*Asks:* 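Could you have a look at this structure, given as structure tokens, before my questions?
Chain letters run A, B, ... following the sequence lines, proteins first and then strands; every chain starts at 1. Because the structure is a prediction, the values reported are computed rather than measured.
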2 protein chains.
Amino acid sequence: MLESTNRKSDLECISDDLTSLLQSISTTKTIDARTFLFQEGEEAHELYVIQHGLIQISKLTQEGNELNLRTCQEGDIVGELTLFTDEAKYMLNAYALKKCKILIIQKDQLEKELLSNSRLTFEFMKWMTNLLRINQSKIKDLVMNGKKGALYSTLIRFSNSYGIQQKDGRLIDMHLTNQEIAKFCAATRESINRMLNDLKKKGIIQITKESKILIKDIHYLRTEIGCDHCPIDICVID
Amino acid sequence: MLESTNRKSDLECISDDLTSLLQSISTTKTIDARTFLFQEGEEAHELYVIQHGLIQISKLTQEGNELNLRTCQEGDIVGELTLFTDEAKYMLNAYALKKCKILIIQKDQLEKELLSNSRLTFEFMKWMTNLLRINQSKIKDLVMNGKKGALYSTLIRFSNSYGIQQKDGRLIDMHLTNQEIAKFCAATRESINRMLNDLKKKGIIQITKESKILIKDIHYLRTEIGCDHCPIDICVID
DNA sequence: TCAGAATGGTGATGTTTATCACAGTTCACA
DNA sequence: TGTGAACTGTGATAAACATCACCATTCTGA
């Protein structure tokens, strides 16, 4: 490991002021692995900051299919889509992949605090704008170059969010099954498997002993989907 | 025409205070049909409110393909993705479909004004939150049910944004060519044409004399893509 | 340590969607 | 009012992707 991950959590992206505010007005709780922090349709009066653990944000379809949208870890803010909204229901599911320690922040309290401090507001709006930009670029990536584009985009985003630079490439420091990747791409496990094997044969990626993905030629992935010069803070998982 | 469109523009969604603020700090300009208000990569120091006209927001790919993201008319805010962001370049293209009258607002001036007035901040964050939710649901719709899902979602969104209720259905009061719809769905003109004709044969839609789309059975479209009970302010074009 | 579960891998086959090619129709405007 | 441009419609064919079926491999917990 030559260099630690360059991923910035939500809390790292926003200022220390906001961070300490969030921590000062919050309580904590612990949730077990393989349980939901919240589910679609539930009333949303709180939002959360992950102190420790791993949470998957997803959306379910009627047929039981699942689309993964984010994978969140320490420092990330979860549940943000309900802020300042009358419609107080979650649209998404938050599922704990590991045991988590969570800060709980009351939505109306945060709203109150934000409105009384314009510097915090500025930080928060900046963060929201960034989420908007990320989502815009995701729409393009998932839709414009078929499933291959969706996969390449997902790999690039994971690399930017959770990658560790190594001498022979960039390691996605996270255990990802074919099935999980498929859920980010809205593709089937089998298609993802075939495409990953193609990338292996071409030498673009490599699977490590701990079955993590090592990206040896990220430039190939980028040029294939035409995100050659897109800003690195946009091409991320959350 | 039994009932006027229920579409709310951005300005209608946000408060009168913000509306008048936006108008007070803006200058105006006029741009011709078939010209760009701004293009990807350009420096972004301003954002815009449409006073009159029609603007298409899109994203181009390297191969010259185009993905339509929004169609904006009177009252809509354009260029919002650059707010509160260091990255001062537009990610999208704004193309005038009709001659437009536009309010120009300096980005830093708006940021300053917003931060000095917490009620306006509240409104603005609420509006941004809503945009985020719309984008989330668009990702799902475009990706989860194939091109048919993308088409049905696009029709529903246009119906909600630009529809006029009539005795025999809901009329999308806008001239949409197959090619334009295709750009919203990231599909080909031919595929859209075939799918629309299938819907015609099934009696789900009907084309009026002015070649506008009349949706006779929106319930069918909704159930097919599983957005039967999604809030109407989320299933919109912008 | 061993049985069952989860995951990875791959062929065969069918469906969806794009591509190409071209003819018919409508529209804009000189 | 006629003519080129834009749009619609449709068949034939190819590529992308899903589905199904099945076996190999790895992981996991009693």
*Asks:* Could you give the CD1-to-C1' distance, from B/I192 to C/dA18, as a whole number of Å?
*Replies:* 12 Å
*Asks:* For the side chain of B/N197, starting at C-beta, report the closest nucleotide among D/dT10, C/dA18, C/dT10.
*Replies:* D/dT10
*Asks:* Rounded to the nearest Å, what distance is computed from the CD atom of residue B/E180 to the C1' atom of nucleotide D/dC7?
*Replies:* 11 Å
*Asks:* State whether B/E224 and B/K148 are salt-bridged, where the test is any N-O pair (Lys NZ or Arg NE/NH1/NH2 against Asp/Glu carboxylate O) under 4.0 Å.
*Replies:* no
*Asks:* When B/S26 is tested against each of B/I105, B/V49, B/I104 for side chain to side chain contact (heavy atoms under 4.5 Å, CB included), which residue passes?
*Replies:* B/I105
*Asks:* Rounded to whole angstroms, how far apart are CZ on A/R189 and C1' on D/dA21?
*Replies:* 11 Å
*Asks:* Please tell me if A/S191 has a side-chain N or O lying less than 4.0 Å from either OP1 or OP2 of D/dC17.
*Replies:* no
*Asks:* Quick check on DNA chain C: between A/R194 and B/E190, whose nearest nucleotide comes earlier from the 5' end?
*Replies:* A/R194
*Asks:* Between C/dG8 atom C1' and A/I205 atom CD1, what is the distance in whole Å?
*Replies:* 13 Å
*Asks:* Any Lys/Arg nitrogen of A/E40 or A/K59 sitting under 4.0 Å from an Asp/Glu carboxylate oxygen of the other?
*Replies:* yes
*Asks:* According to a strict under-4.0 Å criterion, is B/N193 in side-chain N/O contact with OP1 or OP2 of D/dG9?
*Replies:* yes
*Asks:* With nearest nucleotides of DNA chain D determined for A/A187 and B/H175 from heavy-atom distances, which residue corresponds to the more 5′ nucleotide?
*Replies:* B/H175
*Asks:* Do the side chains of B/D141 and B/R157 get close enough for a salt bridge, i.e. N-O under 4.0 angstrom?
*Replies:* yes
*Asks:* To the nearest angstrom, how far is B/N65 atom CG from C/dT17 atom C1'?
*Replies:* 14 Å
*Asks:* Grab the CG-P distance between A/L196 and C/dG9 for me, whole Å please.
*Replies:* 8 Å
*Asks:* Base, sugar-phosphate, or nothing for B/K200, non-hydrogen atoms under 4.0 angstrom?
*Replies:* sugar-phosphate
*Asks:* Nearest-Å distance, CG (B/D198) to P (D/dT10)?
*Replies:* 10 Å
*Asks:* For A/K212, does the NZ atom sit with more than 12 other heavy atoms under 6.0 Å from it, leaving out its own atoms?
*Replies:* yes
*Asks:* Using a heavy-atom cut-off of 4.0 Å across all strands, would you classify B/A186 as base, sugar-phosphate, or nothing?
*Replies:* sugar-phosphate
*Asks:* Hey, does the side chain of A/N178 come within less than 4.0 Å of C/dT7's phosphate (OP1/OP2), counting only N and O?
*Replies:* no
*Asks:* Whole-Å distance between C/dA18 C1' and A/N145 CG?
*Replies:* 14 Å
